Enquirer: 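Below: one structure in structure tokens.
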Number of protein chains: 2
Amino acid sequence: MSSTDGPGPELSRRLGYLLKHAQLRMAEQTAKALTPYGIDGRELAVLLVLADREPASQQQAAQRLDIDRTTMVALLDALEGKGLLSRHPHADDRRRNVVELTDAGHDILRRAARASDDAEREFLAPLSPRAAQQLRDSLQTIVTRPGGQSS
Amino acid sequence: MSSTDGPGPELSRRLGYLLKHAQLRMAEQTAKALTPYGIDGRELAVLLVLADREPASQQQAAQRLDIDRTTMVALLDALEGKGLLSRHPHADDRRRNVVELTDAGHDILRRAARASDDAEREFLAPLSPRAAQQLRDSLQTIVTRPGGQSS
DNA sequence: TATTGTTATACTCTATAACTATA
DNA sequence: TATAGTTATAGAGTATAACAATA
């Protein structure tokens, strides 16, 4: 299973290649870690955003996740179907849906987040603690800064 | 344009989130850099693999890129349509297609790779040179090592 | 019978447009 | 008229199955 494996250094040393494959591997490990809890990475992200501060509407939650409001509908449908959250119309503006985690939702979130943390640690295992922290910091810097939008 | 922006620290500090968004940003900048050359990042990857050492078949090239052979067909169709490569049956085994870069293909590859390098540098601009090199090394370590497949 | 390239098909993810109900 | 949620639809991207040519 390894005769013509590698893509060659010209490609495999490129930053785009490294980032893509690192992300793929992290996503795989996270998915595996979350399987026992019946949710995937995107659903965990939704739960995290909802738990952080209860958004006043589905649309607000969608904005924070940078996904379309139509995508959010199916995502919430699935999580509601699993009994992890509930929707009810906002008191002041009945067009909006207030989304709330159920007790089961809070419980799954807590345990799934822990499993996800473990997956992160496993992912970073080949690095020294200092290098791992450096990686985190550098990624955060790059993602946070506007970067290439300047001129 | 920044009232309800961020997803909140619980999500935005997670490694999965950081990797995904870093990758998205890198892909964006690469796409922008490659626009003048009429190819996208995946097509540049194909050209790089083909130029590295000419593969004896489409299938070999597909394996190196870790994509399906059926996906490779459409990819090569596009690049052939742009005049960047040519296909002809292998002399010894006429089931196989030998894929070769044309002169135009080599030329575009050279210039597109340079533009891609520039995009990488711009992407890493918010980091110190040492941190940038560290990031590269750490990603390479993680992608190269088997990582989470052990137990 | 097995393999290479190809085509047809389906499935996932996501975005756009249109519909409803509220405002 | 404008907005929140929803639905229907369509577009990428990719994988599976089936087919033709060749071995």
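Below, each value reflects all heavy atoms present in this structure, side chains not excepted, and no hydrogens, waters or symmetry copies. Naming: A, B, ... by sequence-line order, numbering from 1 per chain. Everything quoted here is computed from the prediction, not taken from an experiment.
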Enquirer: Can you spot which of His88(A), His90(A), Gln58(A) makes a side-chain hydrogen bond (donor to acceptor under 3.5 Å, both in side chains) with Asn97(A)?
Expert: Gln58(A)

Enquirer: Side-chain donor-acceptor pairs under 3.5 Å in residues 14-23 of chain B, sequence neighbours left out?
Expert:
{"unit_1": "Arg14(B)", "atom_1": "NH2", "unit_2": "Ala113(A)", "atom_2": "O", "d": "3.0"}
{"unit_1": "Arg14(B)", "atom_1": "NH2", "unit_2": "Ser116(A)", "atom_2": "OG", "d": "3.4"}
{"unit_1": "Arg14(B)", "atom_1": "NH2", "unit_2": "Asp117(A)", "atom_2": "OD1", "d": "2.7"}

Enquirer: Quickly, which of Leu44(B), Leu65(B), Asp52(B) forms a side-chain contact (heavy atoms from CB on, under 4.5 Å) with Leu11(A)? Name it, please.
Expert: Leu65(B)

Enquirer: Strictly below 4.0 Å: does Gln58(A) bring a side-chain N or O up to OP1 or OP2 of dT6(D)?
Expert: yes

Enquirer: First and last nucleotide of DNA chain C touching chain B, 5' to 3', heavy-atom cut-off 4.0 Å?
Expert: dA2(C) to dT7(C)

Enquirer: Can you tell whether the side chains of Glu120(A) and Arg136(A) come within less than 4.0 Å, N to carboxylate O?
Expert: yes

Enquirer: Does Arg114(B) come within less than 4.0 Å of Asp118(B), counting only side-chain N to carboxylate O?
Expert: no

Enquirer: Would you list the pairs meeting salt bridge (charged side-chain N to carboxylate O under 4.0 Å, His left out) in which at least one residue belongs to residues 79-91 of chain B, sequence neighbours left out?
Expert: Glu43(B)-Lys82(B), Asp77(B)-Arg87(B), Glu80(B)-Arg87(B)

Enquirer: When you check every protein heavy atom under 4.0 Å of nucleotides 12-23 of chain D, what one-letter string (B, S, -) results, 5' to 3'?
Expert: --SBBBB---BS

Enquirer: List in chain and number order the residues that pass salt bridge (Lys or Arg N to Asp or Glu O under 4.0 Å) with Arg94(B), two or more places apart in sequence or in another chain; answer none if no residue qualifies.
Expert: none

Enquirer: Could you pull out all residues at least two apart from Arg69(B) that satisfy salt bridge (Lys or Arg N to Asp or Glu O under 4.0 Å)?
Expert: none

Enquirer: So, is Gln59(A) close to the dA4(D) phosphate, meaning a side-chain N or O under 4.0 Å from OP1 or OP2?
Expert: yes

